[in-house]
Number of protein chains: 2
Amino acid sequence: MATNISDAFARKLGAFVALSATELDVLSRLHRRRRTFVAGHDLVHQGQSEQAAYILSSGWVCSYKSQPDGSRQIIDFQIPGDFLGLRSILLHTSDHGIEPIVEIEAAEVLRQDLLDAFARTPRLATAVLWAASRDEAMVVEHLVGLGRRNASERMAHMLLELGARLALVGMGDKSGYDCPLTQYHLADALGLSAVHVNRVLRQLREERLVTFRGGHVTFDDYPRLVALADFDPAYLDQMGPMLR
Amino acid sequence: MATNISDAFARKLGAFVALSATELDVLSRLHRRRRTFVAGHDLVHQGQSEQAAYILSSGWVCSYKSQPDGSRQIIDFQIPGDFLGLRSILLHTSDHGIEPIVEIEAAEVLRQDLLDAFARTPRLATAVLWAASRDEAMVVEHLVGLGRRNASERMAHMLLELGARLALVGMGDKSGYDCPLTQYHLADALGLSAVHVNRVLRQLREERLVTFRGGHVTFDDYPRLVALADFDPAYLDQMGPMLR
DNA sequence: CGGCGCTTTGACACGAGTCAAACCAAGTGG
DNA sequence: CCACTTGGTTTGACTCGTGTCAAAGCGCCG
């Protein structure tokens, strides 16, 4: 079962650099402070200067930016093994909020500890830079979706991306996965209204492509869905280490 | 004038870490291979594995992702002092293309040289990580715009952001700046059609907010434009070094 | 039993896309 | 020096995807 903190995160970094014993050790020291958070209460607040980042161990969170008019845009969802709030410790002030979608478990990483770790083991810094690039690639793909895809393509793409990411940590496969998101979450992520999200989901269901219902996503016709969304998982970059 | 390669980039990194003589030296070695490129011919091709990144010295470029249906989405514009294609050397394959908008000058940085530099001077790696975070913050802000702002707000925001960034390298101020973009570029960046871009520009001009014409952007009423776009430059993060 | 999130559906309005055509300035070649 | 081309801008008419408003349904928990 699994997804122990160190497992998921170290495994992820290990996909880029072959980590030495020392590096693994430094890494494991980074997640001594385990904490849990309840759903709906932000771990990181938009606009504040935070001292800490987190390595997510279990549960889902979303990072978002809220607008003065009350609407919000979800930047990305994070799942176990993901690093949260790197930008909020590197930049002076956090430009986004981070909210747990369900109850979560995470390891808190203080800014100074992280910077020290980088200074001590440069390859770790490079690995984190790689992981950050991979996350940015996802944000970029999301941006492309908002700019150039219509509602159903966006939805299909998002559901497929989540599926592919979950599959990497053993929480889903080509048949589907458990998904705690509400249609409001999807709306805020896809730049749509909740009402339209519902219409799109119905349409995808009626065309027997995907079913989103009762906290579960079922891929009814994976290949056709991939074609509709023009989904190419290359940007998730899960090939072997580049740096040995 | 100015914007010598090393100047702009080193100055930028210096905003995050106070760079030592050694670090400055390593940095300057990174831009020995100066090259020029003509407008319209990609420096980096989408989907290829590239070995090199670039530090832009003069001119404008855009990074974009093109869709199978022929449309393209511009991710971001880069101006002198910006680092290009970090993702394309860290990830196995470049997920985006990079195209010069005018003739440009840039220093080529080979993957191995960059990784070696990181290994030798960890603080440099941290600084680059910071710069990458700052770039990501811009991409995120762009994403929010596509998801939650209408055409004129998006346009206003983009023109303001470019102005603020150019001001940081001494190429513009609150009165305006020179801008080599066509309305097609704006359309591809803002997720609009070129026709609609034109309508929006006309409207902003008629309301005496900004004028985009003849390769020059003039802010006719900066405060009111900021209000319309809800522009908060905090994410451009240009406060003093955090790491000394 | 009552209430509160979340989902579902319908009717209507509007922002932005598409298509088509004209215009303009800057090159380019005869 | 004048046609001609080409890339970019401008405008109008029409269409359509998505937002908005409103209301009902549904399950779950206190």
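Quick note on labels: first sequence line is chain A, next is B, and so on, each numbered from 1.
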With a 3.5 Å cut-off and sequence neighbours excluded, list the donor-acceptor pairs that the side chains of residues 209-226 of chain A form with protein atoms.
unit_1: Thr211(A); atom_1: OG1; unit_2: Asp220(A); atom_2: OD2; d: 2.7
unit_1: His216(A); atom_1: ND1; unit_2: Tyr177(A); atom_2: O; d: 3.3
unit_1: His216(A); atom_1: ND1; unit_2: Asp178(A); atom_2: OD1; d: 2.6
unit_1: Asp220(A); atom_1: OD2; unit_2: Thr211(A); atom_2: N; d: 3.4
unit_1: Asp221(A); atom_1: OD1; unit_2: Arg224(A); atom_2: N; d: 3.3
unit_1: Asp221(A); atom_1: OD2; unit_2: Arg224(A); atom_2: NE; d: 2.9
unit_1: Arg224(A); atom_1: NH2; unit_2: Glu207(A); atom_2: O; d: 2.9

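- Residues passing the salt bridge (Lys or Arg N to Asp or Glu O under 4.0 Å) test with Glu161(B), sequence neighbours excluded: Arg165(B).
- Pairs engaging residues 135-160 of chain A under the ring pair (Phe, Tyr, Trp, His ring centres under 6.0 Å) rule: His157(A)-Phe231(A) [sequence neighbours left out].
- Within a heavy-atom distance below 4.0 Å of DNA chain C, the residues of residues 149-163 of chain B found are Asn150(B), Ala151(B).
- Among residues two or more places apart in sequence or in another chain, the side-chain hydrogen bond (donor to acceptor under 3.5 Å, both in side chains) test is passed with Ser175(A) by Asp173(A).
- Not counting sequence neighbours, the partners of Asp95(B) by the side-chain hydrogen bond (donor to acceptor under 3.5 Å, both in side chains) test are Arg87(B).
- Among residues two or more places apart in sequence or in another chain, the side-chain contact (heavy atoms from CB on, under 4.5 Å) test is passed with Asn198(B) by Gln183(B).
- Stacking of Lys12(A) on the aromatic ring of Phe83(A) is not recorded, the 6.0 Å distance cut-off and the 45° axial limit not both being met.
- From the 5' end on, the contacts that DNA chain D makes with chain A at under 4.0 Å to a non-hydrogen atom open and close at dT18(D) to dC21(D).
- Side-chain atoms of Ser193(A) and His196(A) include no donor-acceptor pair closer than 3.5 Å.
- Thr36(B) is linked by a side-chain hydrogen bond (donor to acceptor under 3.5 Å, both in side chains) to nothing, counting only residues two or more places apart in sequence or in another chain.
- For Asp230(B), the side-chain hydrogen bond (donor to acceptor under 3.5 Å, both in side chains) criterion is met by no residue, not counting sequence neighbours.
- Between the CG atom of Leu186(A) and the C1' atom of dC6(C) there is a distance of 13 Å, rounded to whole Å.
- Comparing the end axes of the helix from dC1(C)-dG30(D) to dG30(C)-dC1(D), each fitted to five base pairs by superposing C1' atoms of four pairs onto the next four, gives an inter-axis angle of 30° (nearest 10 degrees).
- Taking 4.5 Å as the limit, some side-chain heavy atom of Trp60(A) sits within range of a side-chain heavy atom of Cys179(A).
- Near DNA chain C, defined here as any heavy-atom distance below 4.0 Å, the residues from residues 189-209 of chain A are Val195(A), Asn198(A), Arg199(A), Arg202(A), listed numerically.
- Counting only N and O atoms by type, the side chains of Gln46(A) and Ser66(A) include a donor and acceptor under 3.5 Å apart.
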